[in-house]
Amino acid sequence: EICALQDGVRGCVKQEGQCTLLPGAQLTSFDGASGDLHSGAYELASLCNVSTPSWFRVVVDVRACSDGAAMAGTTTYIFFRDAFIAVKRNKETWVNGHQVPLPTKISDAVSVRESQGSVAVVQASGMQVLFSPSGEVTVRVSENLANKLCAPCGNFNGDISDDLWLPSGEVAGNITEVIDAWKARDFSGCDV
């Protein structure tokens, strides 16, 4: 928690959760666990309950785009119940297969705009994805999503020790195992 003004009253407020994938493919979860990603597409964060109307899933394609380049996010894919958004490093943004100008409103709950040199995809439920031209991806969530999240970004409950859950519900030995288990199989290229 942090000390801040909320509705004009100073008090203790739970901090916003932030999970970051830096250029070089270093991931830090909402609760502070960290590890490296390899080339491929990975689910970073999602709302665990797929039947929730505000369900979302964030997938990032990580690659080195040229010889000697650092691994970084090349495209971020954000799935919602009624929309699919793809954002490329050059800020090109696609919604349901159609390129759109920024800013654009997808629905009453989802919008896309430029913010401080990045593309921001914002969902009214308290989730935001920022994707910068450097390949940095930041997923921000409000406190109302604490303990409702899945994937390598963790569950945002302030406890780093339980960020090692696999999709099967088992506990992994380390964050690298968790990251590998959340590889986005629907983007898996040559894997059979």
Side-chain angles (χ1 to χ4, degrees), residues 14-35 37 40-50 52-63 71-156 163 178-179 182-184 186-187:
K14 186 159 184 160
Q15 248 180 326
E16 169 185 81
Q18 182 169 299
C19 175
T20 306
L21 173 64
L22 295 172
Q26 174 76 33
L27 177 76
T28 303
S29 76
F30 296 121
D31 297 329
S34 64
L37 280 71
Y42 295 88
E43 183 168 340
L44 291 188
S46 66
L47 205 53
C48 299
N49 183 348
V50 297
T52 302
S54 59
W55 173 84
F56 65 86
R57 176 182 183 223
V58 179
V59 173
V60 176
D61 189 16
V62 176
R63 306 203 178 278
M71 297 282 283
T74 59
T75 308
T76 300
Y77 304 95
I78 303 110
F79 297 82
F80 298 103
R81 184 148 315 288
D82 298 326
F84 171 65
I85 300 170
V87 181
K88 300 178 70 63
R89 279 174 56 173
N90 64 2
K91 300 182 187 176
E92 213 174 80
T93 302
W94 299 75
V95 176
N96 296 331
H98 301 280
Q99 189 172 1
V100 297
L102 297 180
T104 191
K105 186 175 179 179
I106 312 303
S107 68
D108 288 341
V110 178
S111 63
V112 186
R113 60 182 164 74
E114 281 197 61
S115 174
Q116 301 173 352
S118 297
V119 174
V121 178
V122 181
Q123 183 186 41
S125 71
M127 188 278 299
Q128 179 181 59
V129 178
L130 294 165
F131 188 41
S132 78
S134 70
E136 180 176 325
V137 180
T138 302
V139 181
R140 293 183 181 155
V141 294
S142 62
E143 67 177 303
N144 66 313
L145 295 177
N147 282 314
K148 297 177 182 176
L149 302 166
C150 294
C153 278
N155 58 9
F156 182 43
D163 280 357
V178 174
I179 290 167
W182 285 94
K183 208 162 198 182
D186 49 334
F187 286 80

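Predicted, not measured: the structure shown is a model, and the values here were computed from it.
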Check step by step if side chain to side chain contact (heavy atoms under 4.5 Å, CB included) holds for Val110 and Ile85.
CA-CA 10 Å; Val110 178; Ile85 300 170; 3.9 Å; yes

Verdict with reasoning, Phe56 to Leu149, per side chain to side chain contact (heavy atoms under 4.5 Å, CB included)
CA-CA 10 Å; Phe56 65 86; Leu149 302 166; 3.7 Å; yes

Do Val60 and Leu21 pass the side chain to side chain contact (heavy atoms under 4.5 Å, CB included) test, and can you show the C-alpha distance, the side-chain angles, and the key distance before you say yes or no?
CA-CA 9 Å; Val60 176; Leu21 173 64; 3.8 Å; yes

What do the steps show when you test Phe80 against Val121 for side chain to side chain contact (heavy atoms under 4.5 Å, CB included), and what is the final call?
CA-CA 11 Å; Phe80 298 103; Val121 178; 4.0 Å; yes

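A 4.5 Å side-chain heavy-atom check between Thr138 and Gln18 finds at least one atom pair inside the cut-off. Contact check for Thr93 versus Thr104: no side-chain heavy atoms found under the 4.5 Å cut-off. Looking at heavy atoms from C-beta onward, Leu102 lies out of side-chain contact with Arg113 at the 4.5 angstrom threshold. Side-chain atoms of Leu37 and Met71, non-hydrogen and from C-beta on, never get closer than 4.5 Å to each other.
A salt bridge (charged side-chain N to carboxylate O under 4.0 Å, His left out) check over residues 122-132, counting only residues at least two apart or in different chains, returns nothing. Sorted by first and then second residue, the pairs that involve residues 71-97 and meet salt bridge (charged side-chain N to carboxylate O under 4.0 Å, His left out), not counting sequence neighbours, are Lys91-Glu114. Within the structure, salt bridge (charged side-chain N to carboxylate O under 4.0 Å, His left out) contacts touching residues 95-108 (residues at least two apart or in different chains) are Lys105-Asp108. Applying the disulfide bond (SG atoms under 2.5 Å apart) test to every pair with at least one member in residues 73-148, sequence neighbours left out, gives no pairs at all. Applying the salt bridge (charged side-chain N to carboxylate O under 4.0 Å, His left out) definition to pairs two or more places apart or across chains, none involves residues 71-80. Note on residues 114-151: pairs passing disulfide bond (SG atoms under 2.5 Å apart), not counting sequence neighbours, are Cys48-Cys150.
Scanning all heavy atoms of the two residues, the minimum distance from Val87 to Phe131 falls at O-CE2, 3.2 Å. Of all non-hydrogen atoms in Phe156 and Glu143, the two that sit nearest each other are CE2-CA, 3.8 Å. A pairwise comparison of heavy atoms in Trp55 and Leu47 identifies CD1-O, 3.3 Å as the closest pair. Taking both residues in full, the closest heavy atoms of Leu44 and Ala151 are given as O-CB, 3.2 Å, listed atom of the first, atom of the second, then distance. Summarising the geometry of Ala120 relative to Leu130, their closest heavy-atom pair is CB-CD2, 3.4 Å, with the distance given to 0.1 Å. Here the closest non-hydrogen pair linking Gly35 and Ile179 is C-CD1, 3.9 Å.
Other residues, nucleotides and ligands place no more than 12 heavy atoms under 6.0 Å from the CD atom of Gln116.
Applying the side-chain contact (heavy atoms from CB on, under 4.5 Å) rule to Ser29 yields the partners Asp31, Ala33, Asp163; only residues at least two apart in sequence or on another chain are considered. Not counting sequence neighbours, the partners of Ser132 by the side-chain hydrogen bond (donor to acceptor under 3.5 Å, both in side chains) test are Ser134. Residues passing the side-chain hydrogen bond (donor to acceptor under 3.5 Å, both in side chains) test with Thr20, sequence neighbours excluded: none. Not counting sequence neighbours, the partners of Ser111 by the side-chain contact (heavy atoms from CB on, under 4.5 Å) test are Val122. Under the side-chain contact (heavy atoms from CB on, under 4.5 Å) criterion, Arg63 pairs with Ser39, Asp61, Thr74, not counting sequence neighbours. Every side-chain contact (heavy atoms from CB on, under 4.5 Å) that Asn144 has, sequence neighbours left out, goes to Ser142.
Classified by interplanar angle (parallel below 30°, tilted 30° to 60°, perpendicular above 60°), the ring pair Tyr77/Phe84 is parallel.
Interatomic distance, Cys153 SG to Arg140 CZ, rounded to the nearest 0.5 Å: 13.0 Å. We find the CG-CZ distance between Leu145 and Phe30 to be 8.5 Å, quoted to the nearest 0.5 Å.
Looking only at distances, a side-chain donor or acceptor of Gln123 sits under 3.5 Å from a matching main-chain atom of Ser54.
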